[in-house]
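Only heavy atoms go into these numbers, but all of them, side chains included; no hydrogens, no water, no symmetry mates. Numbering of ligands and ligand atoms starts at 1, following listing order.
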Amino acid sequence: MSQSVRTRPEGSGQALSEAYDTALLDLDGVVYAGGSAIAHAVESLATARAGGMHLAYVTNNALRTPDAVAGHLTELGIPTGAEDVITSAQAVARLISEQMPAGARVLVIGGEGLKVALRERGLEPVDSAEDDPAAVVQGYGGPDLTWGRFAEACYAIARGVPWYASNTDLTIPGARGIAPGNGAAVEVVRIATGADPQVAGKPLPPMHRETILRTGAERPLVVGDRLDTDIEGAFNGEVDSLLVLTGVTDAAQLLAAPPQHRPTYVDADLRGMLTGQPEVTGLDDGFRCGGWTATASSERLELDGDGEALDGLRALCAAAWTSAGEGVCELDAGKALGRLEL
Ligand SMILES: [Mg+2]
């Protein structure tokens, strides 16, 4: 819970689903990938929920409405109501509503999720720069968003209309590979106008504030797969986080994480919510977790022992993060990670 520099993953004697009242779960790479549920997600979430943990789903994707996201989760076997889905469209709509008069017209460059969120805040979505908008908002519009929409944004922004973006994720993963995300679309407009938008999505505070306001969480645990959105968002919100390795982050990236990207806990997948977390113990010359001991030499991270791969990774995190301090660990971890097959 503190902003001091984290130098190792924390232990927990209690299952995380009992130690925290609410899980703020990222979706892609955590709960599902492409169209399908990630291994162990459905059962782990059902068990956490049955034990009394409140589950909320927090997504930077502004295209789909909370209803649509909840419907998808329910189809996957994770019963979810729209009230338990928080989107960056909602966060940016609140941000706009706080800065604009009630009923203000907002030029939408994006999809249905943005329009629904704006109406919920009493704002009026419009389609053209000629509609006299008080603000421009840009969110992921899916593959059918046309180039002309960016032109529309530019016309309004050039007249001095304030510009907002739901999020700035540069990429969006899909079944066929990596596609340009809203951040890439924002760059198009930024290059053309020289302006800068106000941004709501993870890792920025408006998104975290939206999740706390909507869930009422008192002791939230952010659960995510991405260091620069989920984990940094938790860091900025000063709440604890669990990184799962089912998405975009691999072990080497975790070892090289700067302070704002270091999660409180790390586990393989969502089963990690249901268990305690092992302590990482400092030794004279290294760190121990489970059967593993990790040390940092001048050139590389070393690992001795055996046991659970995740324990070895936790010990290596402690060695890497301690040696890096407020910086980034540049020691060679290839051989150590090779022993863990991570
Ligand atoms: Mg993700």
Side-chain angles (χ1 to χ4, degrees), residues 16 22-42 44-45 48 55-64 66 68-70 72-73 76 78 80 84-92 113 139-140 142 165-186 199-204 206-208 210-211 215 220-237 239-254 257 260-273:
L16 299 184
T22 305
L24 304 176
L25 292 135
D26 179 52
L27 288 172
D28 243 309
V30 174
V31 176
Y32 54 63
S36 331
I38 283 175
H40 311 295
V42 173
S44 300
L45 293 170
L55 306 180
Y57 301 91
V58 184
T59 176
N60 260 1
N61 189 324
L63 178 61
R64 291 194 297 167
V69 175
H72 180 203
L73 287 169
L76 292 177
I78 304 162
T80 305
D84 291 323
V85 176
I86 298 99
T87 72
S88 65
Q90 294 173 321
V92 78
Y140 182 61
S166 60
N167 67 302
T168 51
D169 299 41
L170 289 173
T171 57
I172 191 156
R176 292 174 57 206
I178 300 295
N182 193 49
V186 163
V199 183
K202 292 184 263 186
L204 295 166
M207 187 70 188
H208 186 69
E210 190 71 22
T211 64
T215 61
L221 178 68
V222 168
V223 184
D225 70 312
R226 235 187 137 102
L227 300 180
D228 62 0
T229 53
D230 306 317
I231 304 307
E232 187 175 337
F235 177 88
N236 290 337
V239 301
D240 288 349
S241 61
L242 166 66
L243 179 81
V244 289
L245 298 176
T246 45
V248 298
T249 301
D250 64 23
Q253 290 167 325
L254 179 62
Q260 72 274 22
H261 289 177
R262 296 173 190 163
T264 316
Y265 311 106
V266 55
D267 220 317
D269 54 55
L270 288 181
R271 286 176 296 179
M273 288 171 64

Kindly confirm whether the Mg ion (ligand 1) is within less than 2.8 Å of some N/O/S atom in Asp230?
no

Short N-O contact, Arg226 and Asp169, less than 4.0 angstrom
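No salt bridge links Arg226 with Asp169.
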
To check your reading of the site, what angle at the Mg ion (ligand 1) do OD1 of Asp225 and OD2 of Asp26 form, to 10°?
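An angle of 90° at the metal.
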
Roughly how far, to the nearest 0.5 Å, is CG of Asp230 from CG of Leu243?
8.5 Å

I need the minimum non-hydrogen distance between Ile86 and Ala56, along with the two atoms involved.
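Shortest heavy-atom contact: CD1-CB, 4.0 Å.
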
Show the nearest heavy-atom pair for residues Asp225 and Thr249, with the distance to one decimal.
O-OG1, 2.6 Å

Name of the Asp28 atom (N/O/S only) found closest to the Mg ion (ligand 1)
O

